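Quick caveat: nothing in here was measured; it's all calculated off a predicted structure. Residue numbers begin at 1 in each chain, while the letters A, B, ... track the order of the sequences. As a basis for the values below, the full set of heavy atoms in this structure was taken, side chains included, without hydrogen atoms, waters or symmetry mates.
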Amino acid sequence: MTTTNPVRVRFAPSPTGHLHIGGVRTALFNYLFARHHKGVFILRIEDTDTSRSTDESIHGILEGLKWLGLNWDEGPFRQTDRLAIYRTHIDQLLAQGQAYHCYCSPDELDARRAEAMAKKQTPKYDGRCRDRKTPIPGRTPAVRLKAPQTGQTVVKDLIRGDVVFENSQLDDLILLRSDGNPTYNLCVVVDDAEMKISHVIRGDDHLNNTPRQLQMYEAFGYPPPQFAHVSMILGPDKARLSKRHGATSTLVYREMGYLPEALLNYLARLGWSSGDQEIFSLHEMVEKFSLDHVNSSAAIFNPDKLLWLNSHYIKTGDTTRLALLLRDHYLAEREPAARSIPDDQMIRIVKALQERAKTLAEMADLSMCYVEEEINPEPAAAAKYLTPAIKPALANLTKQLSALPRFDEPALPAAFEAIIAAHQLKMAQLAQPVRVALTGRTVSPGIYEVLALLGKERSLARLKKALDSIGG
RNA sequence: GGUCCCAUCGUCUAGCCCGGCCUAGGACGCCACCCUCUCAAGGUGGAGACACGGGUUCGAAUCCCGUUGGGACCA
């Protein structure tokens, strides 16, 4: 890249809903580009659509970005704080004769567009107010850009190459609605120019707006930024990712027990690559990120791969950090008393479970039997394994275990070996009943690990309770 | 409907710009086997793609054209 100007990029979400997965990827690419080039990452809230924008959404966006660690350097700016600036710019164009009042109502325009489409013509504004000299009484006009009608406008896109638009196909864009609100396109151009944005990295859905925006830069006399349009994220049905495809809200992924680094890693690899590498720390992404390797085709969101990445980060994550997250967020929500579990016990639980749980929410489920004082075995598991046939061996084992001076992992196998030898059992025939007695389930970490985790007292209590339940 | 974008295993992708090293590589998922006290994890192996049709060329996944399919935008 031969840019001599400092790199300044922005993420500019509309606060009309939660922070969407697709939005996060756009934010991430901007963030990575900024950090890679030692530039500035700006957050701007595009809230001019006051009927749909909410403060709740803004909070959600900020919280989501913070959770992911996508820290911004300037902002958040809000477009509703900048209305006067847009007004000034519109007035400037009006004064220069590069914009004009249009008295057509939205209804009329809709009707004409429908008619054009029915007649298979380009549904383009017909320019009937373009040279109007006098106002129409009783009507509040909108303001339109007087765009060039001949020639071409070329978007030099960093991802897609040159995209050529015939000016004759582009109509005169509305800058100010008749209700007094500036339009998206106007605000974006004014803000990007005023904020000295060097690279606009945004969704593919804005590619068609870009030539019109370029015309506005021209009209204002601003140098345009460089553009990079990233393709959309699609659902499994290849339609644009939306709520009906399941979770699309970033914060919901946090609730489901995903780690920020997993989500970031997944989203980075969706559309961007660096050879065959799959696992990237945020630091590595910053180091290696380049728009050159951003794919131009749309990508389908694949929850399985995200889940795999999450399990990878759980397996390899720092156990102390995971332990505190697990206890204070996911466990505390289920069982408030969990807050008082000592750190070192939490760390042991994490170590036992981190190769088995793909999310922290799942880990919370799996850890409940080590958190609660007493458990009730699943009926099916108890029926299958806590049988009269195994009772003698189980009773014998309990006796042996209770006699153990030490109750740590190295001390336990000898007791098991003695019992299976004495009762002519296979290890599985003894371990499974013990597992059910201790955890209530047929699935758990290694049996010695479980015993050590529960400690002597709770282990023996659960074994005795199981023994009693068998009867006879 | 117009305009614009896109097209390699089911999915994410490498390769494409600068044709031959591609009998197309990796990852997720799937299947099998190994390991094993259960479940995972881990290990080994397997099935699986250049949308189609023309061209250019000694040679095309790679360049060109068309078709088909998908997507986006049009206060």
Chemist: What parts of residues 444-454 of chain A reach RNA chain B, counting only heavy atoms under 4.0 Å away?
Modeler: A:Ser444, A:Pro445, A:Gly446, A:Ile447, A:Tyr448
Chemist: Below 4.0 angstrom, N of the basic side chain to O of the carboxylate: do A:Asp408 and A:Arg406 qualify?
Modeler: yes
Chemist: Confirm from the modelled atom types if A:Gln277 and B:G26 form a donor-acceptor pair under 3.5 Å, side chain to base only.
Modeler: no
Chemist: Are A:Phe289 and A:Trp272 close enough that their ring centers fall under 6.0 Å?
Modeler: yes
Chemist: Under 30°, 30 to 60°, or over 60°: which ring-plane class applies to A:Phe220 and A:His89, parallel, tilted or perpendicular?
Modeler: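 Geometry flag for A:His89 against A:Phe220: perpendicular rings.
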Chemist: Quick test of your reading: applying side-chain hydrogen bond (donor to acceptor under 3.5 Å, both in side chains), list the pairs with at least one residue in residues 423-439 of chain A, sequence neighbours left out, ordered by first then second residue.
Modeler: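 For residues 423-439 of chain A, and leaving out neighbouring residues, the side-chain hydrogen bond (donor to acceptor under 3.5 Å, both in side chains) pairs sorted by first residue read A:Asn396-A:His423, A:Gln432-A:Arg435, A:Arg435-A:Ser444.
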Chemist: Give me the ring orientation class for A:Phe227 and A:His229: parallel if the planes are under 30° apart, tilted from 30 to 60°, perpendicular past 60°.
Modeler: parallel
Chemist: Does one side chain, of A:Asn167 or A:Gln215, offer a donor that lies under 3.5 Å from an acceptor on the other?
Modeler: yes
Chemist: If pairing requires Watson-Crick or G-U wobble contacts with both distances under 3.5 Å, which nucleotide is the partner of B:A27?
Modeler: B:U11
Chemist: Got a donor-acceptor pair under 3.5 Å from the side chain of A:Arg435 to the base of B:C37?
Modeler: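 Such a pair is found, so the answer is yes.
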Chemist: What is the distance, rounded to the nearest whole Å, between atom CG of A:Asn310 and atom P of B:A41?
Modeler: 14 Å
Chemist: Could you tell me the separation between the CG atom of A:Asp172 and the P atom of B:C74, rounded to a whole number of Å?
Modeler: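 Distance, rounded to whole Å: 16 Å.
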Chemist: When both hydrogen-bonding distances must be under 3.5 Å and the geometry is Watson-Crick or G-U wobble, what is B:A61 paired with, if anything?
Modeler: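 None - no nucleotide pairs with B:A61, as no candidate has both distances under 3.5 Å.
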Chemist: Here's a test of your reading of the structure: between A:Met427 and A:Asp304, which maps to the more 5' nucleotide of RNA chain B?
Modeler: A:Asp304
Chemist: Within this structure, what is the CZ-to-C1' distance between A:Arg212 and B:C74, rounded to whole angstrom?
Modeler: 6 Å
Chemist: What contact category does A:Arg441 fall into here, base, sugar-phosphate, or nothing, at under 4.0 angstrom with non-hydrogen atoms?
Modeler: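 The residue A:Arg441 makes no contact with any strand.
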Chemist: Under a 3.5 Å cut-off for both distances, is B:C50 Watson-Crick or wobble paired, and to whom?
Modeler: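 By the stated definition (distances under 3.5 Å), nothing pairs with B:C50.
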Chemist: Once hydrogens and angles are ignored, does a donor-acceptor distance under 3.5 Å link the base of B:A72 to the side chain of A:Asn208?
Modeler: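 Present.
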Chemist: With both distances under 3.5 Å as the test, what is the Watson-Crick or G-U wobble partner of B:A32?
Modeler: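 When the pairing criteria are applied, B:U44 turns out to be the nucleotide that pairs with B:A32.
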Chemist: Between B:C12 atom C1' and A:Leu270 atom CG, what is the distance in whole Å?
Modeler: 7 Å
Chemist: For B:C74, which nucleotide in any strand shown is its Watson-Crick or wobble partner with both distances under 3.5 Å?
Modeler: B:G1
Chemist: Looking at every strand, decide which applies to A:Val434 at a 4.0 Å heavy-atom threshold: base, sugar-phosphate, or nothing.
Modeler: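 No contact.
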Chemist: Rounded to whole angstroms, how far apart are CD on A:Glu166 and P on B:U3?
Modeler: 10 Å
Chemist: Would you say A:Asp49 and A:Tyr184 are linked by a side-chain donor-acceptor pair, where the criterion is simply a distance under 3.5 Å?
Modeler: no
Chemist: Within less than 4.0 Å of OP1 or OP2 of B:A72, is there a side-chain N or O belonging to A:Asn209?
Modeler: no
Chemist: Heavy atoms only, 4.0 Å cut-off, all strands: where does A:Asn295 land among base, sugar-phosphate and nothing?
Modeler: sugar-phosphate
Chemist: Report the nucleotide, chosen from B:A14, B:U3, B:U11, that has the shortest atom-to-atom distance to any side-chain atom of A:Lys238.
Modeler: B:U11
Chemist: Could you give the CH2-to-C1' distance, from A:Trp308 to B:G26, as a whole number of Å?
Modeler: 10 Å
Chemist: Please report the distance, rounded to the nearest Å, between CZ in A:Phe416 and C1' in B:U38.
Modeler: 13 Å
Chemist: Determine whether a donor-acceptor pair (one donor, one acceptor, N or O, separation below 3.5 Å) exists between the side chain of A:Arg160 and the base of B:C5.
Modeler: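 Check fails, no donor-acceptor contact within cut-off.
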Chemist: Rounded to whole Å, how long is the line connecting atom CD1 of A:Ile159 with atom C1' of B:A72?
Modeler: 15 Å
Chemist: Map A:Met232 and A:Arg177 onto RNA chain B by nearest heavy atom, then report which one ends up closer to the 5' terminus.
Modeler: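 It is A:Met232, whose closest nucleotide lies nearer the 5' terminus.
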Chemist: With under 30° as parallel and over 60° as perpendicular, where do the rings of A:Tyr103 and A:His101 fit, or are they tilted in between?
Modeler: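 If you compare the ring of A:Tyr103 with that of A:His101, the planes turn out tilted.
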